[in-house]
Structures are given as C-alpha cells and as structure tokens.
Q: 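The structure is given below, and queries will be raised subsequently.
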Number of protein chains: 2
Amino acid sequence: MDSAQELIQTRGFSAMSFQDIAVMVGIKKPSIIHHFPSKTDLGRAVIARYHDLFKSALVHVQEDPEKTPWDALEFYFTPYLDFGDAGNKVCLCGALAGEFMELGETMQHEVQSFFIWHEQWLERILEAGHAAGHFKLNKHTSQFARTLLSALQGALLLKRVTRDPKQLEDVMQTIRELIAPS
Amino acid sequence: MDSAQELIQTRGFSAMSFQDIAVMVGIKKPSIIHHFPSKTDLGRAVIARYHDLFKSALVHVQEDPEKTPWDALEFYFTPYLDFGDAGNKVCLCGALAGEFMELGETMQHEVQSFFIWHEQWLERILEAGHAAGHFKLNKHTSQFARTLLSALQGALLLKRVTRDPKQLEDVMQTIRELIAPS
DNA sequence: GTCTATACAAAGATAGAC
DNA sequence: GTCTATCTTTGTATAGAC
C-alpha cells in the first residue's frame, strides 16, 4: 500500500500497475493481486488509509487544548510541505482528482469524502480562530475554507510543474497575511 | 485534437487512447497515428494549441484600453466557469499536472511554460490594477498571483469531486473581496 | 502468502494496399 | 488520408502448485 500510494502520488492512478508495485516490494505480480483482487480494491484501500491517517492527526490537534488555531493551521500545512520536499509527490487525492472520471464509483466516493471532510475541518478551525480573535475573517468562513483548500492543493500541483520550491511557501505566507489580525 | 483534449480534461492523459479518439472522430486508429506518430506528439500538439489559444485571448484583453483590470480578471475567470459547467472538465494543464511525472520531458516543458506564462500574466494584471487604484494589494503581487492561480486550478479540480457547483464561484468571490478596495 | 503458468484484452506502433 | 492486417508489449486477472 505504501508503494501503491507513492506511485499514485507521483505518476497517477492510471499509470500505476501491479507490476510496478511488485518490483518495488520485491514479490511477483499475482502475489499483490492475492491481497487486492482488483485495481479498484487497491485504490480504495489506499485512499481509505490515507483519509484515516489525516483524520486522526487533524482531530488530535484540533482537540488539543494546548494548541491554538494558528498551531492547527501550521500543522495542517506540514504534509503539503513534506510532499513537496520528498520526491515530487502531490496529495494522493489531488492526483486522483485530475483523473476523477476514470475512477470507479467507489473510488470517486472515497475521494469525495476526503475533500468534504477536509473542508469542514478547515472551516471549524477558522471559526474557532475567528471566535477567539486569532484570525481576522469576514463572515464567509466556509467560502474562505474552500479557497484555502483549493489554493494549497493547486499550489502543490503547480510546485511540481514549475519546479519553484517557493511556490508552496508563497501561497502559505499569503494565507497567513490574509487572516492575521492587523 | 478536440477529442484528445476533451479526453485528457475528463479522464486524464494516461487513460486516453488512440482508440478512444478514433471512435469519437469516426475513423480507425492507424489513421490517427498517421497524423500524430506517437502519443507524446499528440499530447504536445494539444497543449501547444491550448496554450496559444489562452495566450492570444489574454494578451488581447490585456492590451484593450477599454478594459479595466477588473474586466481582465473577470475575463480570466470565464474559462474556469465554462469548464466547470460543460461536462466535468478541468483545465487541460491542471489534469496533466496530476500525472506530471508520467509525461515525457517535452510534454512536461509545455505544461511548465503554460503555467509560468499564466502566473506572469496575472501578476501584470494585478500590478496594473494596483497602480491604477482598482485593486487593494500589499507589495507581494507575485505571491498573490500564484495564490490566485493555485486557488482557481484547485477549485476546478475540487468542483468535479465535491459536485458542488458553488465551489468555483465561492473561490472567485473570495478573491474579489480580497482585492476590492474598501 | 508466494509462486509459475497462462488467459485475455488493450495498448502503442508499423507495413503496405487503396 | 484512410484502411486492413499485424507485431510487440503491457495491462488486469485467474488457476493451481507449493
């Protein structure tokens, strides 16, 4: 599943094959298929695991009374920075979004859940920060949350294309300045 | 080329095949290959045409003395809205960005040129609007330009996943409010 | 769980007739 | 420019031995 995820994040789901994974893991192709009878099964399992990993980490930081909304936001930034640093990866679901119509219904639903959950988490963090006076926001927190998510996903994709390491940091700094109280 | 572009925008480059195009156009597979000897040749031609189309339209609106920077920005929004409306398409180069490492060097370079050019066009529009007092911006126009581009590309991808037609409009409205002079 | 062997379909690409 | 026919490789997937 690690290998599958890495392949999707770098080359995309369509381009990933059981053979690629078999070579990376060091076993033969049918041995992979024994665990995941179809490519869709594998894809669904990888997305579900990815979603759960993010979910538990983000819920954890959200519920930690020691962490401010600023801490939560910076924590949210870290995986984007890590993907950008380590080997030209993008967000798993960002890659899958580009070939969305090619995915089966089950995988489409997994990707959809991932992004809807993210949007809601970001909205709650922004609301909390606004209420506590940490962020300066207008009333449209949900619109700003989805703008923020869109900008980060887009920046990660563009970073790999333009090869400009500042791409992500520029977007994050812009976001910080937009919500920092003057 | 129209069919190829549509297939890439909906299902991705890896998933697109000569056979798919042949069926859409109504001729046989080798007839397509006669015009584009390899899949990379076809991909490169499609990107180049797409890039030129955007370039001429954007340069035209930029040089039109009747158009304000606001007009230019709204004009820039229209293709994103059109893609979102017509058949679950995303930006051609946004789709290609998700499977970037799978593309050959020539195609990678075409995609890179597209986005670098876009960033520069947006930056010039923002600069012009700022100088003329139409936009309220801090000094970091280039960072804001790439945030804007990232957000729009991301929003188009997310719109197809979340199936929320407001996704794009929310992001655009957020952008308008961020740069509108108070 | 892993393997060999194999089936079957689809991919990109070429040759050569019309 | 388009076609039929073909080549070669690669893909997902299955059967069955170990």
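Convention: sequence-line order gives letters A, B, ...; per-chain numbering from 1. Below, all heavy atoms of this structure are taken into account, side chains as well, without hydrogens, waters or symmetry copies.
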Q: Shoot me the first and last contacting nucleotide of DNA chain C against chain B, ordered 5' to 3', at under 4.0 angstrom to non-hydrogen atoms.
A: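 Boundary nucleotides touching chain B, in 5' to 3' order, are C:dA11 to C:dT14.
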
Q: Of all of residues 12-21 of chain B, which get a heavy atom below 4.0 angstrom from DNA chain D, listed by number?
A: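 None, since no heavy atom is under 4.0 Å.
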
Q: Restricting to side-chain contact (heavy atoms from CB on, under 4.5 Å), what partner residues turn up for B:Ile33, sequence neighbours left out?
A: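 In terms of side-chain contact (heavy atoms from CB on, under 4.5 Å), with neighbours along the sequence ignored, B:Ile33 is linked to B:Phe18, B:Lys29.
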
Q: Do the rings of A:Tyr50 and A:Phe114 sit parallel, tilted or perpendicular, given the 30° and 60° boundaries?
A: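 Taking A:Phe114 first and then A:Tyr50, their aromatic rings sit tilted (interplane angle of 30° to 60°).
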
Q: With under 30° as parallel and over 60° as perpendicular, where do the rings of A:His118 and A:Phe115 fit, or are they tilted in between?
A: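 Perpendicular.
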
Q: Got a sec: does the CZ of B:Arg176 have more than 12 other heavy atoms crowding it under 6.0 Å?
A: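 Correct, the count exceeds 12.
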
Q: Could you check whether the rings of A:Phe54 and A:Phe83 sit parallel, tilted or perpendicular, using 30° and 60° as the cut-offs?
A: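 Ring orientation, 0 to 90° scale: tilted.
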
Q: Kindly check if the number of other-residue, nucleotide or ligand heavy atoms within 6.0 Å of NZ (B:Lys136) is above 12?
A: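 Enclosed.
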
Q: Is there a path of hydrophobic side-chain contacts, each under 4.5 Å between heavy atoms, that joins B:Val46 and B:Val23?
A: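 No; B:Val23 is not reachable from B:Val46 via cluster members.
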
Q: Near DNA chain D, which residues from residues 25-35 of chain A have a heavy atom under 4.0 Å away?
A: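 Output list: A:Lys29, A:Pro30, A:Ile33.
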
Q: If you look only at pairs with a residue in residues 126-163 of chain B, which of them pass as a ring-ring contact (aromatic ring centres under 6.0 Å, His included), with sequence neighbours excluded?
A: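 Output for this query lists B:Trp70-B:Phe135.
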
Q: Does a donor on one side chain sit under 3.5 Å from an acceptor on the other, for B:Arg160 and B:Gln167?
A: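 Their side chains do not contain a donor-acceptor pair, so the 3.5 Å distance test is not met.
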
Q: Taking side-chain hydrogen bond (donor to acceptor under 3.5 Å, both in side chains) as the test, write out the residues that go with A:Ser14, two or more places apart.
A: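 Testing A:Ser14 for side-chain hydrogen bond (donor to acceptor under 3.5 Å, both in side chains), a comparison that skips the adjacent residues, returns A:Glu99.
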
